[in-house]
Amino acid sequence: MAYSSTEVSPVESSPKEERRNWVELPRDVTASILSRLGAIEILTSGQMVCKAWLEICKDPLMWRTIDMYNLGDPDLGLDLEKMCRHAVDRSCGELVDINLEYFATDELLQYITDRSNQIKLLRLACCYHVSDEGLIEAIGKLPLLEELDLTLCSFSVEPFKALGRSCSHLKSLKLNCQAYRISIEDLDDEVEFNDEVIAIGENLSELRHLQLIGNGMTNMGLEAILDGCPNLESLDLRRCLNIDLRGNLGKRCAEQIKHLRLPGDSIKDYRFVADPDDGLLDEDNPFCFAGADFLLGEYLELEDGNDDAYDYDYAYDDCGYLSGIDSLDYDDFTALNDDDF
Amino acid sequence: MSSSSTTTTTTRLLMLKASDGVTFEVEEAVATKLGAINNMVEEEGSEDLICLPNVNGKFLGMVLEWCKKHANNNTNSDKGNDEVNKWWDKEFVMDLDQNTLYHLLMAADYLSGTELVDLLTEKVASMIRGKKVEEIRETFKIKSDFLPGQEEEIRKKNSWAFE
């Protein structure tokens with residue numbers, strides 16, 4: 001059946017197929033749809049569908065966020081760096097939020113920060129090719145930075161000092177890594193395992209949110225954070241296997257931090273490697289931090305009972321002391337769990 | 001015993017009239033989840049009947065169903081509301097056919113139902129993800145309107161494979 005496009009009246013009562021025309025959606029709506037695709041799909045497919053979509057994809061405002069979401073797959077066959085430079089060019093300095101996971105280099109960071117001084121959010125997960133110097137140089141050019149994600153990167157403590165100097169607006173830091181256990185002998189050099197978090201405590205006192213999944217710190221480091229970052233609202237300690245939260249430090253965490261995630265909490269909403277190579281269970285290791293033991297019990301329970309719609313507020317209830325249940329003493333609860341294992 | 005009860009709260013009811021004459025009686029707290037209605041209520045004050053000539057009854061009904069669900073969930077207990085809303089949203093968009101999705105999106109946008117627009121645009125985006133240009137055109141019945149040669153040129157400019 002032939003129809004004329006002038007007859008199209010989008011919100012009229014008719015289930016007929018020909019009454020809809022996706023190209024005629026309001027511009028803002030189409031822009032919202034396309035921006036959800038992420039930079040890679042916009043550049044490889046979305047923008048090439050028709051003239052109207054191409055036009056929208058040329059708008060600098062479409063590139064305020066450049067999400068180069070990828071899985072670090074070398075077989076992807078796309079020159080992500082080239083795509084990213086192109087996306088940055090299109091943003092015309094409007095860039096606010098950029099995700100460079102897996103592929104950032106010093107040169108790319110320089111290219112981006114030379115052209116964008118509005119960046120508030122920089123994500124560098126798994127960027128093994130960025131050096132201390134490259135990151136520090138970039139940090140110096142991002143005075144508005146509010147959130148930095150350094151998941152699975154390996155930097156020294158120097159960038160934290162640079163953040164303290166240059167980024168007074170920094171509110172959120174992610175410094176996740178793969179968990180590991182340290183042995184009794186390691187405790188001779190305890191500072192070594194805590195140097196990162198000590199540097200955070202010393203330089204980033206304005207932090208509100210800190211995610212430290214898998215961090216090797218001991219109680220020494222945790223104390224440095226609680227002392228150095230008095231404004232912390234959320235602290236994510238999942239898979240921090242070398243801290244012991246049974247004593248006063250656990251109570252202090254619960255009192256000081258509004259949203260606390262514990263070493264044994266579920267990591268289902270986290271998409272990188274967090275569990276140690278030898279698994280989470282550590283039956284052979286005689287030196288087992290009690291905190292990890294106790295929280296492990298909770299972890300296993302949660303894994304059974306909860307699906308991906310996991311709310312960590314409930315975890316507080318499960319472990320008693322955080323939810324303020326008086327009848328259940330924290331140490332009793334720990335003993336109970338120790339028996340189970 | 002006092003006649004006043006904490007369970008009965010006086011809620012103003014609004015009458016919404018769709019383009020095809022269908023009317024809906026809705027609590028003000030529900031309808032004002034839609035920015036457009038909220039503006040009208042604030043501007044016109046006492047008007048209880050609101051005419052919406054750009055939305056028909058079927059889609060207005062669906063938009064209001066969504067508003068009602070979210071308004072109810074938000075007044076219930078505070079814990080887990082986000083999860084309930086998320087679950088319900090998932091169900092809401094799961095089986096939408098393309099025609100309904102399109103008109104619902106137009107209606108939600110017209111009524112400034114920001115959260116609902118977000119939900120529906122995400123649904124559309126999920127239907128685009130992973131598809132090649134031709135497949136997207138096929139899915140949404142979009143004809144390429146590039147001039148001959150123009151598309152080839154754009155593809156050349158946007159070739160991202162390693163050289």
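The basis for the numbers below is simple: all heavy atoms, side chains too, and nothing from hydrogens, waters or symmetry mates. Chain identifiers are assigned alphabetically (A, B, ...) following the order of the sequence lines, protein sequences preceding nucleic acid strands; residue numbering begins at 1 within each chain.
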Quick check on the interface: out of A161(B), S144(B), A125(B), who has the most heavy-atom pairs with chain A under 4.5 Å? A125(B)

Contact winner vs chain B - H86(A), R36(A), M48(A), heavy-atom pairs under 4.5 Å: R36(A)

Between E41(A) and K131(B), what is the shortest heavy-atom contact and its length? OE1-N, 4.4 Å

Applying a strict 4.5 Å limit to non-hydrogen atoms, the region of I136(B) in contact with chain A is side chain

E135(B) portion near chain A, given a 4.5 angstrom heavy-atom threshold: neither

For the pair D145(B) (side chain) and K51(A) (backbone), establish whether a donor and an acceptor sit closer than 3.5 Å, ignoring hydrogens and angles. yes

Region of N158(B) in contact with chain A, defined by heavy-atom distances below 4.5 Å: both

Whether over 12 other heavy atoms sit under 6.0 Å from K120(A) NZ: no

Whether over 12 other heavy atoms sit under 6.0 Å from R85(A) CZ: yes

Below 4.5 Å, heavy-atom pairs only: which of I154(B), V117(B), T100(B), D118(B) has the largest tally toward chain A? D118(B)

May I ask you to check whether over 12 heavy atoms, not counting those of K171(A), lie within 6.0 Å of atom NZ? yes

The ring pair (Phe, Tyr, Trp, His ring centres under 6.0 Å) partners of W87(B) (sequence neighbours excluded) come to none

Test W53(A) against I142(B) for side-chain contact (heavy atoms from CB on, under 4.5 Å), laying out the working first. CA-CA 11 Å; W53(A) 288 19; I142(B) 296 172; 3.8 Å; yes

Given a strict heavy-atom distance threshold of 4.5 Å, which part of L105(B) is in contact with chain A: side chain, backbone, both, or neither? side chain

Decide yes or no on side-chain contact (heavy atoms from CB on, under 4.5 Å) for W22(A) and Q98(B), but give the supporting numbers first. CA-CA 10 Å; W22(A) 287 97; Q98(B) 231 195 73; 2.8 Å; yes

What distance separates K132(B) NZ from S45(A) OG, expressed to the nearest 0.5 Å? 10.5 Å

Y102(B) side chain to N21(A) main-chain N or O, any donor-acceptor pair under 3.5 Å? yes

Quick one: which residues of residues 94-110 of chain A reach chain B at under 4.5 angstrom, heavy atoms only? none

Is the closest side-chain heavy-atom distance between S32(A) and E122(B) below 4.5 Å? no

Take atom CD of E28(B) as the centre, draw a 6.0 Å sphere, and report whether it contains more than 12 heavy atoms from other residues, nucleotides or ligands. yes

So for atom NZ, which belongs to K82(A), do other residues, nucleotides or ligands contribute more than 12 heavy atoms lying within a distance under 6.0 Å? yes

Applying a strict 4.5 Å limit to non-hydrogen atoms, the region of K86(B) in contact with chain A is neither

Residue pair L78(A) / F162(B): nearest heavy atoms and the distance that separates them: O-CE1, 3.1 Å

Within this structure, what is the SG-CZ distance for the pair C50(A) and F140(B), rounded to the nearest 0.5 Å? 11.5 Å

Considering only heavy atoms and a distance below 4.5 Å, find which of L54(A), L80(A), V23(A), L43(A) pairs most often with chain B. L43(A)

